[in-house]
Amino acid sequence: MHPPAPANRSERVHDADAAIRQTDSDAALARLSAVRKGYLNDRFISSLLPRAQLQPLRPPLINTGTYVRSEAIDRLVEQWLELSKPEGQICQIVSLGAGSDTRFWRLMDGPWQEQIGAYFELDFPDVTLKKAMAIRNPRSGLSTTLGHSELDLGGQALHSSRYHLLPCDLRNSPADIFPGLFKEYLSPTLPTLLLFECVLVYMSPEASSILIQWFVDFFSPSTHTPSPGTLGCTVYEMFGLEDAFGQVMMNNLRARGVSLPGAKPYPSLESLPARFLRHGFTSAKALTLRNIRSNYTEPSELERISSLEMLDEVEELNLVLEHYAITWGVKASSSAATISPWIEWGLRPVKQQLADPV
């Protein structure tokens, strides 16, 4: 979740997609570091990283940012699952650009497993191939959670009763690729949450808009689906990169062969909810990670993580967190009875919280 350090010329990745895939490795290593230092609990992440025990720890700034990001998205996902309980419905989660994410296993390891009807992970074929191999490795223990599973598409796809790993390039037309990928696995009648963690920023605004619209259409009333499920969406990424600090972030990424075509339409926090509202979502809201850390995290948690390591770069941390945001939106049906519970979905501020904790 941080601007990568500039790469030496010999280290630069010439394949633009390989450079994007490397950002997933960076995020996974940052998560591993946060877990090893006690910020987060995740007993699965080491199974998806080669030589996990030999990986160096990240600095406190990175560990803190990784914690804020992960905990906030976890809360949104868990609240989504909780809201479906009164209606007696199971949920679907679609993680686009999932990479090395472990959320499916973490949810299945906790009290939410009965709420998950289907969990989908989509990413580049190279990424899904490696992840499928890691899942099927008996030493990882990941396949135990899945039960019986089958490989497909030359080992790039994997299916079990609730988990589906699907290879694709999200920049391609979803109308051309999604019907063949999702097949009968994705139901238009269940509450469904889309997760985008640092994904849309690497796509053109046109491609990301087409991608979101496909899901909006899929979960809209039709002759075959008169009562579609509620659609939710969460986006985590950088924004507002036109200031001096944002330009430093952009230059560091360019040095690694990474461009951010999806950042330009979102110069401010206020512009982020428009991504959903223009597609007919019922509501949408965005918060910077700095605001989430300051006003949406329990004081006891802030005290706990501050005791883990000495954080000297508070000003730099605030600058970084001010350029990352989590946006969430919900598209409910027109029925007021259906809208009422889902409209409450979202992060809630902590009362009497001090601003900008150190």
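Annotation: Asp176, atom CG; neighbour count of heavy atoms from other residues, nucleotides and ligands within 6.0 Å is above 12. For Arg139, the CZ atom is loosely surrounded, since the number of other residues' heavy atoms within 6.0 Å does not exceed 12. The number of heavy-atom neighbours closer than 6.0 Å to CD of Glu303, taken from other residues, nucleotides and ligands shown, is 12 or below.
To the nearest 0.5 Å, atoms CG (Asp101) and CZ (Arg106) are separated by 6.0 Å. Rounding to the nearest 0.5 Å places CG of Leu142 at 10.0 Å from CZ of Phe104. Atom OG1 of residue Thr230 and atom CG of residue Leu193 lie 11.5 Å apart, to the nearest 0.5 angstrom. From Lys331, atom NZ reaches atom OG1 of Thr282 across 7.0 Å, with rounding to the nearest 0.5 Å. Note that the CD atom of Glu301 and the OG atom of Ser306 stand 10.5 Å from one another [nearest 0.5 Å]. Atoms CG and CG, from Leu321 and Asn291 in turn, are 10.5 Å apart once rounded to the nearest 0.5 Å.
Closest approach of Pro261 and Pro265 over heavy atoms only: O-CD, 4.2 Å. In this structure, His323 and Gly240 approach most closely via the heavy-atom pair CD2-O, 3.2 Å. Nearest heavy-atom pair across Tyr236 and Ile73 is CB-CD1, 3.9 Å. Annotation for Val77 and Ile93: closest pair CG1-CD1, 3.9 Å, computed over non-hydrogen atoms. The minimum heavy-atom distance between Leu241 and Ala263, with the atom names listed, is CD1-CB, 4.0 Å. Closest of all the heavy-atom pairs between Pro179 and Pro174 is CD-O, 3.5 Å.
Side-chain atoms of Thr225 never come within 3.5 Å of backbone atoms of Ser222 as a donor-acceptor pair (strictly under, hydrogens ignored). For Gln92 (side chain) and Ser187 (main-chain N/O), a donor-acceptor pair under 3.5 Å exists by modelled atom type. Looking at Gln89, its side chain never comes within 3.5 Å of a backbone N or O of Leu83 through a donor-acceptor pair. Thr64 places a side-chain N or O within donor-acceptor distance of the main-chain N or O of Pro60, the cut-off being under 3.5 Å. At distances below 3.5 Å, not a single donor-acceptor pair connects side-chain atoms of Arg171 with backbone N or O atoms of Ala207. Judged by distance alone, the side chain of Thr102 and the main-chain N or O of Trp105 form no donor-acceptor pair under 3.5 Å. Using a distance-only test at 3.5 Å, with no hydrogens or angles considered, a donor-acceptor pair links the side chain of Ser307 to the main chain of Arg304. Checked by atom type and distance alone, the side chain of Gln79 pairs as donor or acceptor with a backbone atom of Gly346 at under 3.5 Å. A donor-acceptor pair is defined here as one N or O able to donate and one able to accept, closer than 3.5 Å; no such pair exists between the side chain of Ser208 and the backbone of Met203.
Members clustered with Leu129: Met133, by chain and number, using a 4.5 Å side-chain heavy-atom cutoff among hydrophobic residues.
Under the 6.0 Å distance and 45° angle rule, Arg275 counts as a cation-pi partner of Tyr266.
For the pair Phe44 and Asp109, the minimum side-chain heavy-atom distance is below 4.5 Å. Side chains of Ser209 and His279 form a contact here, defined as non-hydrogen atoms less than 4.5 Å apart. The shortest side-chain heavy-atom distance between Lys37 and Tyr67 does not fall under the 4.5 Å cut-off. The closest side-chain heavy-atom distance from Leu181 to Pro167 is below 4.5 Å. Ile20 is listed as a side-chain neighbour of Phe124, based on a closest heavy-atom distance under 4.5 Å. The shortest side-chain heavy-atom distance between Phe239 and Val201 does not fall under the 4.5 Å cut-off. Taking the side chain as every heavy atom from C-beta outward, Leu289 and Arg69 approach each other to under 4.5 Å. Proximity of Thr145 to Tyr163: side-chain heavy atoms (C-beta onward) are nowhere separated by under 4.5 Å.
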Checklist entry - How far apart are the C-alpha atoms of Arg103 and Glu197, what are their side-chain angles, what is the distance that settles it, and do they pass the side chain to side chain contact (heavy atoms under 4.5 Å, CB included) test? => result CA-CA 12 Å; Arg103 183 167 282 109; Glu197 296 190 54; 2.9 Å; yes

Next on the checklist: Determine whether His164 and Phe120 satisfy the following criterion, side chain to side chain contact (heavy atoms under 4.5 Å, CB included), listing intermediate values before the conclusion.
Outcome noted: CA-CA 5 Å; His164 305 277; Phe120 302 87; 3.6 Å; yes

Item to check | side chain to side chain contact (heavy atoms under 4.5 Å, CB included) assessment of Ser84 paired with Trp342 | outcome: CA-CA 9 Å; Ser84 71; Trp342 296 104; 4.0 Å; yes

Next on the checklist: One pair to check against side chain to side chain contact (heavy atoms under 4.5 Å, CB included): Phe218 and Thr192. What are the steps and the verdict?
Outcome noted: CA-CA 11 Å; Phe218 189 80; Thr192 300; over 6 Å; no

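Following chains of ILVMFWY side-chain contacts shorter than 4.5 Å, one can reach Phe245 starting from Val258, so the two form part of one hydrophobic cluster. A continuous path of Ile, Leu, Val, Met, Phe, Trp and Tyr side chains, each step under 4.5 Å between heavy atoms, connects Leu76 with Leu287, placing both in one hydrophobic cluster. Note: the hydrophobic cluster containing Leu165 also contains Met108 (ILVMFWY, side chain heavy atoms under 4.5 Å, direct or indirect links). Clustering ILVMFWY residues whenever any of their side-chain heavy atoms sit less than 4.5 angstrom apart, transitively, puts Val216 in a cluster other than the one holding Leu190. By the rule that hydrophobic residues join a cluster once side-chain heavy atoms approach within less than 4.5 Å of another member, Leu269 and Leu200 end up as members of separate clusters.
With Leu194 as the fixed residue, the side-chain contact (heavy atoms from CB on, under 4.5 Å) test singles out one of Leu96, Thr234, Val235: Leu96. Shown are Arg36, Arg31, Glu309; of these, the side chain to side chain donor-acceptor pair (under 3.5 Å) with Asn63 is made only by Glu309. Checked options Asp123, Asp169, Asp126; the residue passing with Arg21 is Asp126 (criterion: salt bridge (Lys or Arg N to Asp or Glu O under 4.0 Å)).
Using a 4.0 Å cut-off between a side-chain N of Lys or Arg and a carboxylate O of Asp or Glu, Lys131 and Asp24 do not qualify as a salt bridge. Salt-bridge check for Glu78 with Arg75: failed, with every basic side-chain N at 4.0 Å or more from each acidic carboxylate O.
Taking the six-membered ring where tryptophan is involved, the planes of Trp345 and Trp80 are perpendicular, since the angle between them exceeds 60° and thus also 30°. Ring geometry for Phe178 versus Phe182: interplanar angle over 60°, hence perpendicular rather than tilted (30 to 60°).
Counted by atom type alone, Arg293 and Thr297 present zero donor-acceptor pairs between their side chains at under 3.5 Å. Looking at Asp217 and Gln213, their side chains do bring a donor and an acceptor atom within 3.5 Å of each other. Checked by atom type, the side-chain pair His159/Glu150 shows no donor-acceptor distance below 3.5 Å. A side-chain donor from one of Arg136 and Ser149 sits under 3.5 Å from a side-chain acceptor of the other.
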